[in-house]
Each structure stands twice: as structure tokens, then as C-alpha cells.
Amino acid sequence: MRTLVAAIVDATLNALKEQGALKLQARPEYVVEPPKNPTHGDLSCNVAMVMAKAEGLPPRKIAEAIVAGLVDHDGVVAKVEVAGPGFLNLTLRDLVVQRLGLRALQAGEGWGRRPRASTGKRVLVEFVSANPTGPIHIGHARGAFLGDGVARLLEAAGHDVTREFYINDFGKQVETLGRTVHKRYQQLFGIEAPLAEGEYPAQYVVDIAQKLKDRDGDRWLRAAADQWLPVCMQLAIDENMAAIKVSLAHAHIRHDVFSSEAALHQGGKVLGVARHYQARGVTYDADRAQGTEEKVRREDSKAAQFADRQLGGTFLITSRHGDDEDRIILRRDGTPVYLTADLAYHKDKFDRGFDRIIDVFGADHSGHVPRIKAGVELLGVDLKKLEFLLVQMVRITRDGQEVKVSKRKGTVFELDDLIEEAGADPCRFIFLSKTANAQLDFDLALVEKQSKDNPVFYFQYGHARCASILRFAADKGQPFAGVAAITDAHVARLVLPEEKSILKRLSALPDVVSGAAEALEPHRVLYFCQELIAELHSYYTKYRSDPVVSDDREKTQARLYLIAALKQTLKSAFAILGIDAPESMSRATDDDE
RNA sequence: GCGCCCAUAGCUCAGCUGGAUAGAGCACCGGCCUUCUAAGCCGGGGGUCGGAGGUUCGAGUCCUCCUGGGCGCGCCA
């Protein structure tokens, strides 16, 4: 609908230019959109106001010229008028509006989507990337659902998407995990081996130790640490990753590639990237970072706290590329730090030839962004290809009271428990309903409620109601004949303002999807559905005495076409969001708890 | 101290990259089921869009400053 009108506006502008009425040096950045106020027509266009300055003419004057010279060969526009400061308010011919549902039905499952991998753009979305030191918990949930939602959106927008999980299976934390496993393993043989501060007290480590005992018996009891440690670490990582994959599957979250940090080290990629920087001359050896001299730090900041541990090493000149200070990439003994591996990982991503690389980070990692950007820029690659989606913190509440989650206090809330309690769809719905860059309150009581208060059911009921109407029609001997059987005579029967409004709205799905994909904002698709469903329910209730299925077979087919197009739109949108579209929902009981 | 994010109805949040009269859900009040699902609909109250300047035809949206909140500022990962 929008593109139809935009084409007319463009043609009109070109015609006016040829007549000499407009200079039209550049194509103006105008929008065509449905106005909030329905008395302003079907579509509204701000082109005259946008052009006013460049043309040196008052907006209304330009608008009037466009109206007078409108190029509309196909007779799409029924009426156009100038309003307010220079808006063009367009009313479309009825039949144009009434046909708007046809595309949805013709496209079927592909409605709202561009063909798979049709843009030729390869996009990598990295998300979750939890440490393999334990189960995935509720703190990961937002980034997990959002990353998955963004990946689905980009796929729907026609990109070739790879979903990737970066496993931090290297370094101190997994080492500590390995040591904890060994202690639990010793305990299984009755040997006293108390856990130290910072080790992992939870039951799953005991289970891993039991697996080790079952598999290898007592062979690691008296072995040297350099013998048992790699074994314990590897088993723990494998077991934890397996559990994480199961949890993600329960949440209907999928990854294509699991990328290992340890593998980067073993493959020489980490030291390789350090040498790459050295060869480019963007490093120096020193005792301390540059860029910090004039910087005043609060005494209790971590930087100050660890200042005495600065020992010298090889630094990357990130401060010249937007970072606060230069960052160390090799310690004095030549071993790489976490950032070095992360940069090696990013280099690896770029080397794999992606056109767009998206990192979904929690807000607690926002401090890494400037140094990664600087490091990536110093690789000599195009920084514009790298985007960060920063997901703000989630405050967990139950009935308004904050639920404190702490690993140390053993009050972790595993994703699996949440999914089991509340279901994947309600959780996904909450996390996809807000923008990533605002904090979010997650009400456990609400999401666990299997009643009408749970907002996801409003959505699913909308789809189920469409399905129900189509079923009812079939039962009454008037099944929807299919889009091929729908003629202009049929669609012309959709004369109610509510019917036209639904058709206009649902026809916007492709625009909504591409806009949401560009902005990496799945919630836009969700709110689009909300508005569509509200219109459906309102229409349904208002015309209960003049229902969809009646003795007037032509009108019945026309309305079934409307309902079918709406159902397809919701189904397609839900698929993009990753939410189930049920054909029916059991009626809620009043005393549902 | 510095950096990033946020502030819109009592609560949780939208507001489509600057458009016309700021919306939804929950909560509250009042209505609507012998009919294709009442997990629904209709109506009502409720707002100096945190504050102050600025940019322009036009600002919840962009810029500056201020206030308040979250996160971060390690040769941990």
C-alpha cells in the first residue's frame, strides 16, 4: 500500500520537475504512512514539508502542485487533499484497499518475509555465550531470547543468518571448575577435600564428579594435577555445555555454531592476532597503559584496586581509537589476556566473510565495547560491519517484590526452571516486548500465571479465534474457498470501516518486519500484532449480530478471506517472533487459581 | 571522577528514526454472553512526556546543562 503510493508521489515529482515547477535536486527523504487520525485518509505524506527548504517554496504551495499534477495511471487514489502545514492526505480507491489481503494469502508461510537468503547478505549473530561453568540461568534469559528474536527477524528480512555461541572454555574460571570437580571426585571416595572460596558448590558439580568416577574409576586420585586437571575441565565443560544446549532447546532457542575460545588458543589464533598487531606497528611494550595519566579515578574503583598488579607487557594503542586507555594484550610473560582472545575471535568472524556481525551483550559487558571496537578497527577491517546490541539488566520481581538472584548465596534461578514453570512462549513474549536498551522488570508471578492475565494469551487467542471462525464456517458448509476463488465482486463486499482498517494494517507486515530487522527491534512486530488483534476482537464483538458466516454466501466468502488473511498475518508474525500460533485454546476456567 | 543506558497514566511499558488531538496492558469504576471462544468487547476517571534552555514550519523524539536511577571502569573471564 505504501509502496504503491510512494511510486505515485515519485512519478508526480518527476513530472513536475520536467515541467519546471520543481528543482528537485535530490530525491527528498519523505515518508508515506497511515495517519493516526482516520479522518486524514488512508495514507498521509509529508513530502511537501520535507522539500520546502530546498525548493524555497512554502510547503502548502508544493503540496497543491502535487495534488494538481498527480500522476496516477492505475487510479489507485480516490481523493487527495492538502491539510495542516502541508500534509498530503490520500484516500485510496475502495477496491485497492479491499484487495490488500490477497498478497498475504498468496504468499502463505512466506508472507511478511523476503525470500530466504535473498539479500545476499551474510549476518552473524552472537548471543548467550554463557560461561560453561554451570547451567544457564535467568540472567542470561533476556539476551538469549532477544538474540534469537533478532536472528529470526534478520532471517525474515532475507539475510543468511548464522547464530553463534562463543564458549569461554579457557582461563581461570573453567580451571576453578575443574578443580572443584576433582575435589568432589575425591569426596566420592571418602577423601576430605573442602571447597575453597570461589569454587562451585552446586550439586551439578557433584554429578559431574560422579560421571568421572563411573567412567574412569579411581585413576585420577593419585595422578598429578597436570594430569587430572585437563580431564576434569574437559568433562565439566562438555557436561555443562550439553546441559546448556538442552535448556536452550527447551526455550526454543537455536544456535548454528558453537565457537570455542580454547580452540582459538590451541589453533594459535590468539597469539596470532597479537603478532598481527605487532606487525602492523600498533603495539608497544611498557609498564603501564597510556591514556591514563590525566585520568582521575575514584579510589574505590576496581582500576585503582588492581593498579599495583600492573607489571608491564605488550599494549595495543586502543586509546587512539576511542578507548579510554590502551589495553594490554600480552602479559609480561607473553601470555594473552581475555581481550586478546576476544579480538582473535572477532578477527575470525571477519575472516569468515560476514557482511554484518552482531554481538548481543549484557549491559554488564558494555565496558568492553570501546576496546573491542578499537581493536577491530586496528585490524584494518570495516568497523561499520560490527554492531553491538546491549541488553540492559532485568530486575526479577514477584508480586512487586524484587527477587534477589545470587550465585554465591545459592539463589540462582535456572532458565530450565523458569521455562518449566512458565512455558517458553510467555517468557519469550515478555523479553521480546521491550526494547533492549531499557531496563526491564520481569514479574515471575505474572509470567507463571496460566490465566487471562498473562499477556501472551491475548495474542494466541487472536490467532485461535481466526482459526475458530474458519472451522465454524466449514462446519456450516461454507468453507473458505481459497484465495484463488476470491474475486473483486467478493472483496467489494468488505465495506465496513473496521474491515478496511484491518486490511490496511495487515498489509503492512512486510514493512514492519524490514523496519524491525533494520533496527534490531523484535518488539515492533509484537506491538503490530497487538494492534491487529485488538481490531479483530473489536470487529468480532461489534458485529456479533451480523456475523462472518451468514446466508449471504458471497459476503461470507469475503469475510472469510479477511479472517484468513489476518490469520496468516498473525501466524507469520508469530513465527518471526518464535511464538506458537495455536489453532484453538481451551476456555479458561474462572477459578484458575 | 569518567563512560554507556534509562526517565512517558497509580504500576509495567509502546510511541514506527522530527509530524496533525501522546497510546496499550494491568489496577480502579460502570456496562455487554440462548449466537463463529467473555483468555473477548464497550464506556469512564487518570499525563506540566523528570527539570531548564536551544535547534525549526513542527520536539515525547534531535543538541546542551541539571536532577534521579541502573550498569561498567582488572595483566578475572
Side-chain angles (χ1 to χ4, degrees), chain A residues 31 33 35-37 40 44 46 49 52-53 58-59 83-87 131 133 168 170-174 261 289 295-299 301-307 309-313 324-325 327-333 335 337-339 341-342 362-370 390 392-393 395 397 400 433-441 443 446 451-455 457-458 460-462 464-465 468-473 475-476 508 511-512 515-516 518-519 521 523-524 526-528 530-531 534 536-538 540-542 544-545 547-549 563 584-588 592:
Chain A
V31 290
E33 59 185 4
K36 286 176 207 158
N37 187 334
H40 292 148
S44 164
N46 67 347
M49 281 124 74
K53 190 169 274 179
F87 286 103
N131 285 351
T133 53
N168 292 129
F170 184 90
K172 224 178 247 180
Q173 289 182 14
V174 285
E261 183 188 352
K295 195 171 161 187
V296 182
R297 278 177 158 161
R298 210 177 47 196
E299 280 181 23
S301 81
K302 282 188 178 174
Q305 194 182 325
F306 290 91
R309 300 195 193 171
Q310 296 188 353
L311 301 166
D324 290 344
E325 62 180 42
R327 303 290 163 182
I328 190 160
I329 56 169
L330 295 175
R331 297 187 185 93
R332 192 167 53 169
D333 64 3
T335 56
V337 300
Y338 176 76
L339 176 64
D342 218 4
D364 52 345
H365 286 68
S366 63
H368 297 253
V369 173
L390 288 178
Q392 293 298 316
M393 295 289 115
R395 186 168 159 270
T397 64
S433 64
K434 277 92 187 180
T435 56
N437 51 8
Q439 284 171 253
L440 147 70
D441 278 20
D443 188 342
L446 183 60
S451 78
K452 62 178 184 176
D453 292 338
N454 196 320
F457 295 127
Y458 182 84
Q460 297 184 322
Y461 180 48
R465 172 162 267 176
S468 170
I469 294 168
L470 291 165
R471 268 197 309 274
F472 178 83
D475 290 348
K476 293 289 173 190
D511 289 337
V512 171
E518 195 182 337
E521 292 183 346
H523 76 270
R524 291 195 197 182
L526 192 145
Y527 282 91
F528 169 78
Q530 142 81 32
E531 285 159 3
L536 163 71
H537 288 316
S538 183
Y540 176 90
T541 307
K542 183 170 176 182
R544 256 199 320 206
S545 58
V548 171
V549 180
I563 297 297
S584 70
M585 291 176 79
S586 60
R587 200 175 182 132
D592 185 6

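Order of the sequence lines fixes the chain letters, A, B, ..., with proteins taken first and strands second; residue numbering starts at 1 for each chain.
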- Hey, does the side chain of A:Asn437 come within less than 4.0 Å of B:C6's phosphate (OP1/OP2), counting only N and O? yes
- Task: Assign A:His40 to base, sugar-phosphate, or nothing according to its heavy-atom contacts below 4.0 angstrom with the strands shown.
- Result: base
- Can you tell me the pairing partner of B:A20 across any strand shown, Watson-Crick or G-U wobble, with both distances under 3.5 angstrom? none
- To the nearest Å, how far apart are A:Arg395 CZ and B:U12 P? 8 Å
- Could you work out the separation of B:G18 and B:C29 based on their P atoms and round it to a whole Å? 41 Å
- Message: When the P atoms of B:C28 and B:C66 are compared, how many Å lie between them, rounded to an integer?
- Response: 42 Å
- Message: Measure CG/A:Asp324 against P/B:G1 and give the value in whole Å, please.
- Response: 16 Å
- Separation of A:His523 atom NE2 from B:G23 atom C1', in whole Å? 13 Å
- Item | Span that lies between the C1' atom of B:G45 and that of B:A9, in whole angstrom | 11 Å
- Query: Roughly how far, to the nearest 0.5 Å, is CZ of A:Arg395 from CG of A:Asp441?
  - Reply: 4.5 Å
- Query: How far does the P atom of B:C49 sit from the matching atom of B:G3, given to the nearest Å?
  - Reply: 28 Å
- Item | Distance in Å, A:Met393 CE paired with A:Asp364 CG, rounded so as to fall on 0.5 Å steps | 4.0 Å
- Query: For B:C41, does OP1 or OP2 lie under 4.0 Å from any side-chain N or O of A:Tyr458?
  - Reply: yes
- Query: Across the strands shown, which category fits A:Asp441 at heavy-atom distances under 4.0 angstrom: base, sugar-phosphate, nothing?
  - Reply: sugar-phosphate
- Message: When you measure from the side-chain N and O atoms of A:Lys36 to the phosphate of B:A20, is any distance below 4.0 Å, counting only OP1 and OP2?
- Response: yes
- Query: What is the distance, rounded to the nearest whole Å, between atom CZ of A:Arg465 and atom C1' of B:U35?
  - Reply: 12 Å
- Message: Please classify the nucleic acid contact of A:Leu330 as base, sugar-phosphate, or nothing, using heavy-atom distances under 4.0 Å.
- Response: nothing
- Task: Using the C1' atom as the reference point in each nucleotide, state the distance between B:G30 and B:U34 in Å, no decimals.
- Result: 25 Å
- Item | Presence of donor-acceptor pair under 3.5 Å, side chain of A:Asn37 and base of B:U21 | yes
- Message: Distance check, C1' atoms only: B:G40 and B:U21, in whole angstrom units.
- Response: 28 Å
- Message: Expressed as a whole number of angstroms, how long is the span from A:Ile469:CD1 to B:U35:P?
- Response: 15 Å
- Quick one: look up who B:C49 pairs with, Watson-Crick or G-U, both distances under 3.5 Å, and put none if it's unpaired. none
- Base, sugar-phosphate, or nothing for A:Gln530, non-hydrogen atoms under 4.0 angstrom? sugar-phosphate
- Within the pair A:Thr133 and B:A77, is there a side-chain N or O less than 4.0 Å away from OP1 or OP2? no
- Message: Give me the distance, rounded to whole Å, that separates B:U12 from B:A20 when you measure between the P atoms they each carry.
- Response: 27 Å
- Item | Rounded distance in Å between the C1' positions of B:G60 and B:G23 | 12 Å
- Task: For A:Thr335, answer base if it contacts any base atom (sugar-phosphate contacts may also be present), sugar-phosphate if it contacts only those atoms, and nothing otherwise; contact means non-hydrogen atoms under 4.0 Å.
- Result: nothing
- Kindly compute the distance separating CG (A:Leu339) from CD1 (A:Ile329), expressed to the nearest 0.5 Å. 8.0 Å
- Query: If you look at every strand shown and take non-hydrogen atoms under 4.0 Å, does A:Glu261 touch a base, only sugar-phosphate, or nothing?
  - Reply: sugar-phosphate
- Note on the structure: Output for pair (A:Arg544 CZ, A:Lys542 NZ), nearest 0.5 Å, gives 14.0 Å
- Looking only at side-chain atoms of A:Glu521, point me to the closest of B:A20, B:A14, B:G15. B:G15
- Query: To the nearest 0.5 Å, what is the distance between CD1 (A:Ile563) and CZ (A:Arg465)?
  - Reply: 9.5 Å
- Task: Enter syn or anti for the glycosidic conformation of B:C33, syn applying to angles within 90° of 0.
- Result: syn
- For A:Ser545, answer base if it contacts any base atom (sugar-phosphate contacts may also be present), sugar-phosphate if it contacts only those atoms, and nothing otherwise; contact means non-hydrogen atoms under 4.0 Å. nothing
- Task: For A:Arg331, answer base if it contacts any base atom (sugar-phosphate contacts may also be present), sugar-phosphate if it contacts only those atoms, and nothing otherwise; contact means non-hydrogen atoms under 4.0 Å.
- Result: base
- To the nearest angstrom, how far is A:Glu518 atom CD from B:C16 atom P? 14 Å
- A:Asn131 backbone acceptor or donor facing A:Asn168 side chain under 3.5 Å: no
- Item | Presence of A:Ser538 side-chain N/O under 4.0 Å of B:C42 phosphate oxygens OP1/OP2 | yes
- Task: Look at the side chain of A:His368 and the base of B:A77, then say whether one donor and one acceptor between them are separated by less than 3.5 Å.
- Result: yes
- Separation of B:C41 atom P from A:Leu536 atom CG, nearest Å, is 9 Å
- Message: Can you confirm whether A:Arg471 is buried at CZ, in the sense that more than 12 heavy atoms of other residues, nucleotides or ligands lie under 6.0 Å from that atom?
- Response: yes
- Can you check B:U55 for me, syn or anti if syn means within 90° of 0? anti
- For the pair made of CD in A:Gln439 and C1' in B:C71, what is the distance, rounded to whole Å? 8 Å
- Message: Under 4.0 Å, heavy atoms only, any strand: does A:Asp364 hit a base, just the sugar-phosphate, or nothing?
- Response: sugar-phosphate
- Query: Would A:Tyr540 count as stacked on B:G40 if the rule is ring centres under 5.5 Å and plane angle under 30°?
  - Reply: no
